[in-house]
*Asks:* 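Following this message is one structure expressed as C-alpha cells.
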Amino acid sequence: MVLNRTYWFAGALLVWARLMALGGEHRDIEFARPDGVPLLLDAVIPEGKGPFPAAILVHGGGWEAGDKREYIHFLFEPLTRGGIAWFSINYRLAPKHQFPAQADDADAAIAWVKANAAKFNVDPNQLTLIGESAGGHIASYVAAKKDHRLAGVVSLYGVHDFVARTAVMGSVGRNVEQLLGVTRLTAATSERLRTASPIAWVRQGMPPFLMVHGTEDKGVPFSQSVEMCAAMRRLTNACEVY
C-alpha cells in the first residue's frame with residue numbers, strides 16, 4: 001500500500017511538473033543585471049510533451065544597435081515551425097559598453113537558460129547558439145572562449161578575425177572603433193583586435209559549427225568564415241561553411 005502511494009505521488013509530481021512547464025510565448029524576461037543594466041529575453045516554447053531542443057539567438061546591429069526583436073527575427077518562424085524552443089536575447093551595446101561586455105551577456109544568457117531548462121521544458125543538452133552579423137561574432141567568440149557544452153553553433157556572416165578583416169577592408173571601421181576603442185591597426189592595437197577575435201581562441205573540443213556567409217559580402221569578407229572553419233578543422237573540430 002505504501003509502495004503504491006509512493007508511485008502515485010511520484011507520478012503526480014511528474015504530471016505537475018509538465019503542467020507547470022511554460023509553453024507559449026513569453027516576453028521581457030530578465031536574465032541578468034550586469035552593473036545594474038537589466039538584460040531581457042523573449043522566449044517561445046512549443047506546446048507538447050518535450051523536453052524540446054532549444055536555441056539562444058543573438059541579434060546583429062554592428063554591436064551598437066538592434067535588440068531581441070530586430071535583425072534576428074527572420075529565424076523566429078522557422079524555429080517555431082520546427083518544434084525548437086528559442087530564446088532571443090538583448091545584450092549591452094557599444095559605445096557605452098565596450099567588448100567583452102557583449103560576450104559576458106551571452107555567457108550569462110546560456111547559464112540562465114540551462115538553469116531554467118526544466119521550467120521551460122527544454123533539454124539543456126540540446127542547446128544551440130545562433131548569432132547574426134555582430135551576433136555571429138559574439139556567438140563564435142563565446143563558444144570558442146569557454147566550454148558551455150553547447151550542442152552546436154550557427155554563425156551567420158560574423159567577424160572571426162578583426163586583424164585580417166582590417167587588413168582586407170583598409171580600416172577598422174566605425175563600429176569596431178566603438179566596440180573595441182581601436183581607431184587603426186598598429187603594433188600597439190593589434191593585440192586588442194586579436195584577442196576579441198574568435199579565431200584566436202579556437203581549441204579542441206569545440207561544439208560543431210555551421211557558418212552561413214555570402215561570398216559577395218561587402219562588410220564582412222567571406223574569407224572570415226572560411227578561415228575560422230579551417231582553423232577549427234585543424235584541431236579536429238567539426239565545421240561547415242554554407
Side-chain angles (χ1 to χ4, degrees), residues 52-63 66 71-72 74-76 78-79 82-89 91 99-100 102-111 113-114 117 122-165 168 176 179 193-217 219-242:
F52 299 100
I56 295 175
L57 309 181
V58 189
H59 70 82
W63 303 280
Y71 301 113
I72 198 80
F74 64 92
L75 291 175
F76 294 172
L79 290 170
I84 298 172
W86 55 264
F87 301 82
S88 188
I89 69 167
Y91 54 84
F99 191 80
Q102 299 74 20
D104 291 342
D105 297 345
D107 282 333
I110 295 169
V113 170
K114 289 199 169 191
V122 301
D123 184 348
N125 297 313
Q126 295 189 66
L127 182 61
T128 296
L129 187 61
I130 305 177
E132 180 265 345
S133 193
H137 159 257
I138 295 166
S140 292
Y141 178 91
V142 164
K145 184 79 184 292
K146 187 174 180 180
D147 185 6
H148 286 287
R149 300 190 181 278
L150 296 167
V153 176
V154 181
S155 180
L156 308 173
Y157 36 92
V159 176
H160 293 100
D161 187 337
F162 284 109
V163 176
R165 177 181 180 270
V168 171
V176 177
L179 179 71
L193 291 165
R194 188 192 73 81
T195 56
S197 303
I199 200 167
W201 302 100
V202 170
R203 56 180 171 80
Q204 286 186 322
M206 291 173 63
F209 269 58
L210 172 64
M211 309 286 195
V212 181
H213 208 136
T215 57
E216 299 301 317
D217 193 324
V220 180
F222 174 65
S223 58
Q224 289 277 303
S225 292
V226 174
E227 291 167 5
M228 178 70 175
C229 260
M232 288 183 60
R233 287 171 181 158
R234 282 194 291 270
L235 293 180
T236 68
N237 296 297
C239 184
E240 180 180 348
V241 179
Y242 178 80

*Asks:* Once rounded to the nearest 0.5 Å, what's the spacing between atom OG of Ser155 and atom CZ of Phe209?
*Replies:* 7.0 Å
*Asks:* For a side-chain hydrogen bond (donor to acceptor under 3.5 Å, both in side chains) with Asp107, tell me which candidate from Lys145, Lys146, Gln102, His148 qualifies.
*Replies:* His148
*Asks:* About how many Å separate CZ of Arg233 and CD of Glu240, when rounded to the nearest 0.5 Å?
*Replies:* 7.5 Å
*Asks:* Taking the side chain as every heavy atom from C-beta outward, state whether Leu129 and Val58 have any atom pair closer than 4.5 Å.
*Replies:* yes
*Asks:* With Tyr157, which of His213, His137, Glu132 fulfils side-chain hydrogen bond (donor to acceptor under 3.5 Å, both in side chains)?
*Replies:* Glu132
*Asks:* Does Phe162 offer a backbone N or O that forms a donor-acceptor pair with the side chain of Ser197 under 3.5 Å?
*Replies:* yes
*Asks:* For the side chain of Arg165 and the backbone of Val220, is there at least one donor-acceptor N/O pair under 3.5 Å apart?
*Replies:* no
*Asks:* I want to check something: taking the side chain as every heavy atom from C-beta on, are Ile138 and Asp105 in contact at a cut-off of under 4.5 Å?
*Replies:* no
*Asks:* Specify the closest pair of heavy atoms between Lys114 and Pro124, including all atoms of both residues, with the distance to one decimal.
*Replies:* CE-O, 3.8 Å
*Asks:* Give, for atom OG of Ser140 and atom CE of Met206, the distance between the pair rounded to the nearest 0.5 Å.
*Replies:* 7.0 Å
*Asks:* To check you understand the geometry: which heavy-atom pair defines the closest contact between Gly62 and Ala134, and what is its length?
*Replies:* N-CB, 3.8 Å
*Asks:* Taking side chain as C-beta onward, heavy atoms only, is Leu79 less than 4.5 Å from Leu57?
*Replies:* yes
*Asks:* With a 4.5 Å limit on heavy-atom distance, are the side chains of Ile56 and Ile110 in contact?
*Replies:* yes
*Asks:* Minimum heavy-atom separation for Met211 and Ser225, please, with both atom names.
*Replies:* CB-CB, 3.8 Å
*Asks:* What's the spacing between Ile199 CD1 and Tyr141 OH if we round to 0.5 Å?
*Replies:* 14.0 Å
*Asks:* Under a 4.5 Å cut-off applied to non-hydrogen side-chain atoms, are Leu179 and Phe99 in contact?
*Replies:* yes
*Asks:* Which distance, rounded to the nearest 0.5 Å, do you find between the OG1 of Thr215 and the CZ of Phe222?
*Replies:* 6.5 Å
*Asks:* Answer yes or no: is there a donor N or O on one side and an acceptor on the other, between the side chain of Gln224 and the main chain of Val159, under 3.5 Å?
*Replies:* no
*Asks:* State, yes or no, whether a side-chain contact exists between Asp161 and Met228 at a heavy-atom distance under 4.5 Å.
*Replies:* no
*Asks:* Considering all heavy atoms of both residues, which atom of Val241 and which atom of Cys229 are nearest to each other, and what is their separation?
*Replies:* CG2-SG, 3.5 Å
*Asks:* Compare every heavy atom of Ala54 with every heavy atom of Phe87, then report the nearest pair and how far apart it is.
*Replies:* CE1-CB, 4.1 Å
*Asks:* With distance as the sole test, does Trp201 use its side chain to make a donor-acceptor pair with the main-chain N or O of Ala196 at under 3.5 Å?
*Replies:* no
*Asks:* Any donor-acceptor pair under 3.5 Å linking the side chain of Tyr91 with the backbone of Trp63?
*Replies:* no
*Asks:* Take a 6.0 Å sphere around CZ of Arg203 and say whether it holds more than 12 heavy atoms from other residues, nucleotides or ligands.
*Replies:* yes
*Asks:* Which atom pair, heavy atoms only, marks the closest approach of Ser88 to Ile72?
*Replies:* OG-CG2, 3.6 Å
*Asks:* Tell me whether Phe74 at atom CZ has more than 12 heavy atoms from other residues, nucleotides or ligands lying less than 6.0 Å away.
*Replies:* yes
